[in-house]
Enquirer: 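Below is a structure I'd like to ask you about.
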Protein chains: 4
Amino acid sequence: MTEGIGSVREGDSVRGTGQGAGQGAGQTRAKRADARRNEKALLDAAAAVFVASGVEAPVREIAARAGVGTGTIYRHFPTRADLIIAVFRHQVDACAEAGPRLLATGESPYVALTKWIDLFVDFVVTKHGLAAVLRSDSAGMDTLGAYFLDRLLPVCTDLLDAAVTSGEIRDGVEAYELMRGVGNLCIGADNDPRYDARRLVGLLVAGLRQPR
Amino acid sequence: MTEGIGSVREGDSVRGTGQGAGQGAGQTRAKRADARRNEKALLDAAAAVFVASGVEAPVREIAARAGVGTGTIYRHFPTRADLIIAVFRHQVDACAEAGPRLLATGESPYVALTKWIDLFVDFVVTKHGLAAVLRSDSAGMDTLGAYFLDRLLPVCTDLLDAAVTSGEIRDGVEAYELMRGVGNLCIGADNDPRYDARRLVGLLVAGLRQPR
Amino acid sequence: MTEGIGSVREGDSVRGTGQGAGQGAGQTRAKRADARRNEKALLDAAAAVFVASGVEAPVREIAARAGVGTGTIYRHFPTRADLIIAVFRHQVDACAEAGPRLLATGESPYVALTKWIDLFVDFVVTKHGLAAVLRSDSAGMDTLGAYFLDRLLPVCTDLLDAAVTSGEIRDGVEAYELMRGVGNLCIGADNDPRYDARRLVGLLVAGLRQPR
Amino acid sequence: MTEGIGSVREGDSVRGTGQGAGQGAGQTRAKRADARRNEKALLDAAAAVFVASGVEAPVREIAARAGVGTGTIYRHFPTRADLIIAVFRHQVDACAEAGPRLLATGESPYVALTKWIDLFVDFVVTKHGLAAVLRSDSAGMDTLGAYFLDRLLPVCTDLLDAAVTSGEIRDGVEAYELMRGVGNLCIGADNDPRYDARRLVGLLVAGLRQPR
DNA sequence: TATGAATGAGTGTTCATTCAT
DNA sequence: GATGAATGAACACTCATTCAT
């Protein structure tokens with residue numbers, strides 16, 4: 001990511017309570033502050049635990065780290081996928097938004113594609129086990145993959161199309177497949193000093209240039 | 001694999017009990033035969049279950065399928081990795097042996113490398129969940145990766161070196177990294193019709209050709 | 001019940017806050033009105049939920065339906081039994097009052113008894129799970145049974161005594177036992193098309209007629 | 001019950017392993033003895049706990065009482081209904097078998113019916129909470145009711161038919177309804193000194209005699 | 001040696017109840 | 001007073017692993 005987001009910002013609930021302005025003394029605000037503080041703690045804790053023990057870490061572990069009861073987690077994030085999504089929401093969003101920006105730079109579409117994918121790899125690689133869980137077929141985890149895909153696929157498609165149009169890369173590779181492939185290459189990239197996901201992704205993208 | 005290995009041959013224990021000849025009628029001999037038969041059944045059952053439910057299938061399921069008790073499995077294969085290794089031993093061996101053969105064909109080293117990797121991909125992709133478990137950091141599963149690597153890395157290195165020497169591919173990519181990458185690309189390739197691991201691996205290998 | 005009581009009237013708190021008149025504009029008065037309105041909503045919601053999910057429905061469900069917080073429920077009705085009693089108070093009262101009325105009709109006491117019990121059965125059978133909870137020995141639920149009994153037992157006793165006196169039924173059956181029995185026969189009467197509580201209760205009451 | 005069955009006999013598994021004769025030294029026998037001993041302990045413990053805490057008592061409580069792990073319970077009785085059925089199997093069987101016997105006595109069918117129902121009441125009343133759970137609509141508990149019904153309904157039907165044929169009782173009451181009713185009357189009969197289920201059931205059956 | 005019964009830690013999930021706001 | 005967020009005990013259920021027979 002362009003901006004190094006280490007911790008999670010407040011208000012990152014899955015349910016985007018997009019009530020932008022106005023911080024009047026509305027009576028409902030009171031609890032909201034409390035809850036929001038808690039949700040923040042939860043997301044931070046989850047992020048930390050995800051790094052330490054992977055995104056499939058026991059609910060209890062996350063709760064303990066956040067200093068809350070397990071019920072609190074279920075209140076805020078009914079599903080594990082909800083929690084994961086909330087934790088990574090900003091990064092995914094940032095990544096999605098970076099696509100058009102890169103395309104508008106004036107650089108060649110292929111270069112934009114390359115840089116965008118680097119961004120994606122940076123994001124995924126640093127999240128222990130995220131890449132793996134994106135592939136997990138555990139029930140409910142599909143929601144997670146769906147979210148990522150929904151958000152990023154259109155962006156990737158645009159980049160890909162542009163690069164095809166500019167004649168820089170071959171035709172015939174779907175964004176879905178590419179992103180899955182890149183995601184897969186990121187698995188296990190942390191804690192393995194002999195494995196550099198970025199380099200391999202570089203090869204993969206380089207492979208796109210090959211003429212038929 | 002060149003040869004379609006459907007079932008597992010006898011005597012495929014991890015601990016190569018290489019006591020080939022001699023089948024006297026001593027009672028110990030008899031037991032030996034019994035045990036070997038059992039191990040055979042076990043490996044066949046495990047192979048079948050691995051295909052059906054993945055390599056992380058419950059021990060009981062395998063035991064049931066083999067018609068033995070769970071204890072028997074633990075006796076023969078103390079660790080799950082041991083079992084997996086035993087099940088796939090032949091394929092890994094066949095794959096390892098195919099490397100030099102391909103190199104000796106007279107084809108260009110790059111073509112040989114390509115074909116060899118195709119072989120590997122064919123093997124891995126058809127084993128439900130194998131690719132994933134090769135990356136799993138569950139305790140003990142590292143043994144599994146180690147085995148695969150021990151066996152295949154030298155072969156891959158030779159192919160890679162030859163292709164570098166022949167000037168067909170760029171330098172600087174380790175066999176370890178390449179194999180891990182290819183393995184990763186195979187994850188989730190079954191049961192996802194929109195994802196073709198072979199094509200992506202093709203791109204990856206094509207990427208190697210790029211000049212620096 | 002004779003009168004179809006669908007909703008609950010205001011002021012039906014367990015603790016009969018019998019402060020009838022006077023609605024000065026003092027702030028405490030205002031609150032009172034507020035609270036009463038709230039209690040009313042609560043009782044209606046509870047009645048609805050009891051029908052839909054039984055009298056053991058989660059507190060949250062009732063609170064949600066009433067549009068109040070769970071805490072509010074606990075404030076008004078410290079115990080679940082209190083809530084149930086409040087919800088059914090009117091019906092129980094109506095039933096209690098119907099006894100003397102029936103007895104005064106001029107019909108034979110036995111007929112009056114029969115009709116009264118029919119009334120009771122109608123009431124209980126239509127309250128999903130009420131009969132069952134009347135028998136539940138969950139802590140605190142005894143209060144509930146006690147309330148029903150306190151209210152209805154004297155009435156039943158009178159009817160019974162009259163019928164004994166008139167020589168229509170045998171002696172020796174207590175009102176307590178009879179009411180418990182009738183209540184029991186009502187359990188599970190809804191959602192079981194093959195089970196008609198009224199018919200069985202009819203048999204039971206008919207049995208009373210038998211000479212010793 | 002005729003025979004006062006206090007504890008549970010061995011081999012009362014749900015899955016009637018009806019391999020009657022032959023207690024040779026078959027190799028499979030060995031464990032069986034162990035397991036059977038355990039199952040016996042389990043059933044006794046369950047019976048005790050059912051009395052103490054009802055048939056919905058926590059699995060752990062039963063396991064603890066039996067001195068086994070919870071897994072053991074699940075091994076023997078996958079479902080709670082299985083366990084309950086196993087616990088009460090003998091009594092249900094004995095009750096079922098008593099029906100024809102009573103009918104063959106030479107007594108009038110009505111008397112036979114009365115005695116049979118007394119038997120049933122004796123059985124149910126002494127099992128704390130059994131009657132209640134027979135009415136529970138908790139998922140899976142229907143199996144339990146089904147078992148009781150399957151076993152006892154035919155018997156009851158025969159008795160009922162006979163009494164109708166002999167002209168002793170009125171027509172038009174199904175065995176299903178009658179048994180449900182009797183079962184219901186047994187709810188809460190223990191621990192309530194003022195409630196005598198037998199007497200009420202007597203009234204119910206007496207009610208059958210009434211001419212239309 | 002083989003068996004498979006027993007174990008029990010581990011996990012997700014629900015819900016009554018309390019209490020800070 | 002009202003709110004509803006937080007709590008955490010309670011429970012069912014799974015499965016890897018051990019060990020008596």
Side-chain angles (χ1 to χ4, degrees), chain A residues 27-39 42 56-61 63-64 66-76 78-80 140, chain B residues 27-28 30-32 34-35 38 42 56-61 63-64 67-76 78-80 138-140, chain C residues 27-28 30-32 34-35 38 42 56-61 63-64 67-76 78-80 138-140, chain D residues 27-39 42 56-61 63-64 66-76 78-80 140:
Chain A
Q27 212 176 334
T28 40
R29 271 319 167 259
K31 324 301 196 46
R32 224 32 170 258
D34 219 47
R36 218 179 310 166
R37 205 170 4 253
N38 230 313
E39 190 164 306
L42 223 46
E56 310 244 50
V59 175
R60 286 227 225 310
E61 194 176 333
V68 305
T70 57
T72 304
I73 295 194
Y74 283 97
R75 165 178 289 273
H76 288 277
T79 261
R80 179 176 293 264
Chain B
Q27 210 183 336
T28 41
K31 290 244 178 189
R32 273 294 211 309
D34 225 49
N38 232 316
L42 222 46
E56 310 244 50
V59 175
R60 282 235 251 296
E61 197 176 330
V68 304
T70 56
T72 306
I73 294 193
Y74 281 93
R75 165 173 297 276
H76 286 278
T79 201
R80 180 176 290 263
S138 2
Chain C
Q27 209 182 339
T28 39
K31 289 243 179 192
R32 273 294 211 307
D34 224 49
N38 232 316
L42 223 48
E56 309 244 52
V59 175
R60 283 235 251 295
E61 196 175 329
V68 305
T70 56
T72 306
I73 295 193
Y74 280 93
R75 167 173 296 276
H76 286 278
T79 199
R80 178 176 292 263
S138 2
Chain D
Q27 212 177 332
T28 42
R29 269 322 167 256
K31 322 303 195 49
R32 225 32 172 253
D34 220 47
R36 219 180 309 168
R37 202 167 8 250
N38 230 314
E39 191 163 306
L42 222 47
E56 310 244 50
V59 175
R60 288 230 229 304
E61 194 176 332
V68 304
T70 57
T72 305
I73 294 194
Y74 285 97
R75 163 178 291 274
H76 287 278
T79 262
R80 180 176 293 264

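In what follows, chains carry the letters A, B, and so on, assigned in the order in which the sequence lines appear, proteins first and then strands, with residues in each chain numbered from 1. Below, each value reflects all heavy atoms present in this structure, side chains not excepted, and no hydrogens, waters or symmetry copies. None of the values given here were measured: they were computed from a predicted structure.
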Enquirer: At what distance, to the nearest 0.5 angstrom, does OG1 of D/Thr70 lie from CZ of D/Arg75?
Expert: 12.5 Å
Enquirer: Over how many whole Å does the gap from B/His76 atom NE2 to E/dG4 atom P extend?
Expert: 14 Å
Enquirer: Could you tell me whether a side-chain N or O of A/Arg80 sits under 3.5 Å from a main-chain N or O of A/Ala57, the two making a donor and an acceptor?
Expert: yes
Enquirer: Rounded to whole Å, please give me the gap between CZ in D/Arg36 and C1' in F/dT21.
Expert: 14 Å
Enquirer: Side-chain N or O of A/Thr72 less than 4.0 angstrom from OP1 or OP2 on F/dA5?
Expert: no
Enquirer: Once you apply the 3.5 Å cut-off to both distances, tell me the Watson-Crick or G-U wobble partner of F/dA20, or none.
Expert: E/dT3
Enquirer: Nearest of E/dT17, F/dA16, E/dG12 to any side-chain atom of B/Val59?
Expert: F/dA16
Enquirer: Rounded to the nearest 0.5 Å, what's the gap from CD1 on B/Ile73 to CG on B/Leu42? Could you check?
Expert: 4.5 Å
Enquirer: Using purine N1 to pyrimidine N3 plus N6-O4 or O6-N4 for Watson-Crick, or N1-O2 and O6-N3 for G-U wobble, both under 3.5 Å, which nucleotide pairs with F/dC15?
Expert: E/dG8
Enquirer: CD of D/Glu39 versus C1' of E/dG4: gap in Å, rounded?
Expert: 14 Å
Enquirer: In the structure I gave you, are the side-chain heavy atoms of D/Val59 and D/Tyr74 within less than 4.5 Å of one another anywhere?
Expert: yes
Enquirer: Could you tell me how far apart D/Arg75 (CZ) and E/dT3 (C1') are, to the nearest whole angstrom?
Expert: 11 Å
Enquirer: Nearest nucleotide by nearest heavy atom, which residue falls closer to the 5' end of DNA chain F, D/Ala57 or C/Gly71?
Expert: C/Gly71
Enquirer: What integer distance in Å separates D/Ile73:CD1 from F/dC11:P?
Expert: 13 Å
Enquirer: Mind checking C/Arg80 for me? I need base, sugar-phosphate or nothing, with any heavy atom below 4.0 Å counting as a touch.
Expert: sugar-phosphate
Enquirer: Whole-Å distance between E/dA5 C1' and D/Tyr74 OH?
Expert: 17 Å
Enquirer: Tell me the interatomic distance from D/Asn38, atom CG, to F/dA20, atom C1', rounded to whole angstroms.
Expert: 12 Å
Enquirer: Within this structure, what is the CZ-to-C1' distance between A/Arg60 and E/dT14, rounded to whole angstrom?
Expert: 12 Å
Enquirer: Could you check D/Thr70 against A/Glu56 and say which one's nearest nucleotide on DNA chain E is further toward the 5' end?
Expert: D/Thr70
